[in-house]
Amino acid sequence: MTAAGNGAALLEGKGLELWRGERRLFTGVSFELRAGELLHIVGPNGCGKTSLLRVLCGLTLPETGDVYWCSKKVSRNRADFHASTCYLGHRESLKADLTAEENLVFQLGLRCWLSSADIHAALDKVGLTKQRSVPARSLSAGQKRRVSLARALASGARLWILDEPYTNLDVAGRELVDQMMSEHLERDGLILLVAHQAHGVAAGVMRRLELG
C-alpha cells in the first residue's frame, strides 16, 4: 500500500505491521507524504485506522517497520517530530472546569507560547467568539469539537493528524473542517486524515490509503 508523488517526502511509513493480541490489524503498510498533501486513510470498522494514526504519532509501537520525519526515524527524533505535529483524536480531551480559552492555553502551552490574541483568533475562526469564557462542560458536542479544531489552527504544526474530525459537527461545521484543511495544504502543510465520509478539500494533492 503506497502513496507517492513529486518532491521530497517529509513523512514516511515503511513496512508497518501491528497486532492487537492474537489478531493482526495490518501489515506491509508503506506510504510517503509531502508538503501540500493529504493522505485519507480508509477501511471498515476495526481494520486499524486509529491504531495506525497512533503508530504514526509515536503513541503505539509497531511490531515491525518504522516511521520517518524529514528522513529521520521518529523513534530517534521524537522532540522535533512532536514539535511539528498536532494530533486530534476522536475524543476532545477537554478539562470540564476550564473554559474554551483556558483549555487551549493549557494544551498549547505545553509546546509553545501563544498570546491571547492568537488564542482568540483561533476561536473566532471556528465560530466560538461568544463561547471563549464558557466552561467546557457547558459546551455542546459540536462546540467541543470546534475547540479541538481551534487547537490545530493555533498550534502552528506542519503536520495535522486528524481522527474523525467531522464527528458531532453540522453541515457548516463540516464545511469549516474542509476549509481549514484546504488552507493548511495551501500553506504547504501535511494532513493525515481518518474519516468515514468523503472530504471536500479543494486544495493540495489527495492521497488514499485503504486498510483491511
Side-chain angles (χ1 to χ4, degrees), residues 1-3 9-20 24-43 45-95 103-104 106-112 144-145 147-167 177 180-181 184-185 188-196 199 204 207-212:
M1 308 174 196
T2 304
L10 295 178
L11 181 69
E12 300 174 81
K14 296 185 178 181
L16 299 171
E17 180 178 81
L18 185 68
W19 288 70
R20 179 181 293 157
R24 185 169 64 189
L25 292 180
F26 52 78
T27 186
V29 172
S30 298
F31 67 90
E32 296 178 348
L33 196 62
R34 296 162 173 78
E37 293 187 348
L38 178 151
L39 181 65
H40 188 185
I41 302 169
V42 299
N45 289 339
C47 70
K49 299 186 296 295
T50 291
S51 296
L52 177 57
L53 290 189
R54 290 180 62 83
V55 167
L56 299 176
C57 288
L59 298 175
T60 300
L61 295 177
E63 269 65 40
T64 60
D66 290 293
V67 180
Y68 294 80
W69 176 250
C70 297
S71 301
K72 298 178 181 178
K73 285 186 179 182
V74 168
S75 59
R76 300 176 182 174
N77 189 38
R78 293 189 185 279
D80 288 345
F81 177 66
H82 290 156
S84 303
T85 303
C86 181
Y87 172 58
L88 300 187
H90 59 278
R91 295 182 180 180
E92 283 71 34
S93 300
L94 301 177
K95 293 188 176 296
N103 266 285
L104 290 188
F106 173 76
Q107 293 174 340
L108 293 170
L110 298 174
R111 58 183 295 165
C112 61
K144 290 177 182 177
R145 175 62 59 176
V147 174
S148 292
L149 295 172
R151 176 159 62 88
L153 285 174
S155 70
R158 184 82 182 274
L159 171 63
W160 289 0
I161 302 179
L162 310 178
D163 191 359
E164 299 293 351
Y166 300 106
T167 299
V177 174
M180 285 176 50
M181 290 194 292
H184 186 61
L185 295 176
D188 282 339
L190 301 82
I191 299 174
L192 287 171
L193 171 68
V194 165
H196 283 94
H199 62 76
R207 305 294 184 192
R208 182 181 173 94
L209 177 63
E210 188 163 355
L211 299 181

Q. Looking only at heavy atoms, what is the nearest atom pair of H40 and L38, with distance?
A. N-CD2, 3.7 Å

Q: With sequence neighbours excluded, tell me which residues meet side-chain hydrogen bond (donor to acceptor under 3.5 Å, both in side chains) with Q107.
A: R151

Q.
Do E92 and S148 make a side-chain contact, defined as non-hydrogen atoms from C-beta onward lying under 4.5 Å apart?
A. yes

Q. Could E37 and R207 be called an ion pair, given the rule that one side-chain N must be under 4.0 Å from one carboxylate O?
A. yes

(Q) Working to the nearest 0.5 angstrom, can you tell me the gap between C57 SG and F81 CZ? (A) 6.0 Å

Q.
Under the rule for ring pair (Phe, Tyr, Trp, His ring centres under 6.0 Å), what residues qualify as partners of H82, not counting sequence neighbours?
A. none

Q) Within a strict 4.5 Å, meaning less than it, do heavy atoms of the I41 and L193 side chains meet? A) no

Q.
For a 4.5 angstrom cut-off between non-hydrogen side-chain atoms, does H184 reach I191?
A. yes

In residues 154-167, what donor-acceptor pairs under 3.5 Å come from side-chain atoms, sequence neighbours left out?
from : atom 1 : to   : atom 2 : distance (Å)
S155 : OG     : A152 : O      : 2.8
S155 : OG     : A157 : N      : 3.2
R158 : NE     : D188 : O      : 2.7
R158 : NH2    : D188 : O      : 3.2
D163 : OD1    : T50  : OG1    : 3.4
D163 : OD2    : T50  : OG1    : 2.8
D163 : OD2    : H90  : ND1    : 3.4
E164 : OE1    : H196 : N      : 3.3
E164 : OE2    : H196 : N      : 3.4
E164 : OE2    : H196 : ND1    : 2.6
Y166 : OH     : D178 : OD1    : 2.5
T167 : OG1    : E164 : O      : 3.0

Q: For C47, check side chain to side chain contact (heavy atoms under 4.5 Å, CB included) against everything at least two apart and list the hits.
A: P44, K49, L211

Q) Should L33 and E12 count as side-chain neighbours, where that means a heavy-atom distance under 4.5 Å? A) no

Q.
To check you understand the geometry: which heavy-atom pair defines the closest contact between G89 and R145, and what is its length?
A. O-NH1, 3.4 Å

Q. Considering only heavy atoms from C-beta outward, does the side chain of L52 approach that of L16 to under 4.5 Å?
A. yes

**Q.** For the student: nearest non-hydrogen atoms of S51 and L25, plus distance
**A.** OG-CD1, 3.6 Å

Q: Report yes if the side chains of L11 and V67 come closer than 4.5 Å at any heavy-atom pair, otherwise no.
A: yes

Q) Which pairs with one or both residues in residues 53-74 pass side chain to side chain donor-acceptor pair (under 3.5 Å), sequence neighbours excluded? A) R54-T60

Q) What residues form a side-chain hydrogen bond (donor to acceptor under 3.5 Å, both in side chains) with R91, not counting sequence neighbours? A) none

**Q.** Contact check, side chains of L56 and F31, non-hydrogen atoms, under 4.5 Å
**A.** yes

Q: Rounded to the nearest 0.5 Å, what's the gap from CG on L61 to OG on S75? Could you check?
A: 8.5 Å

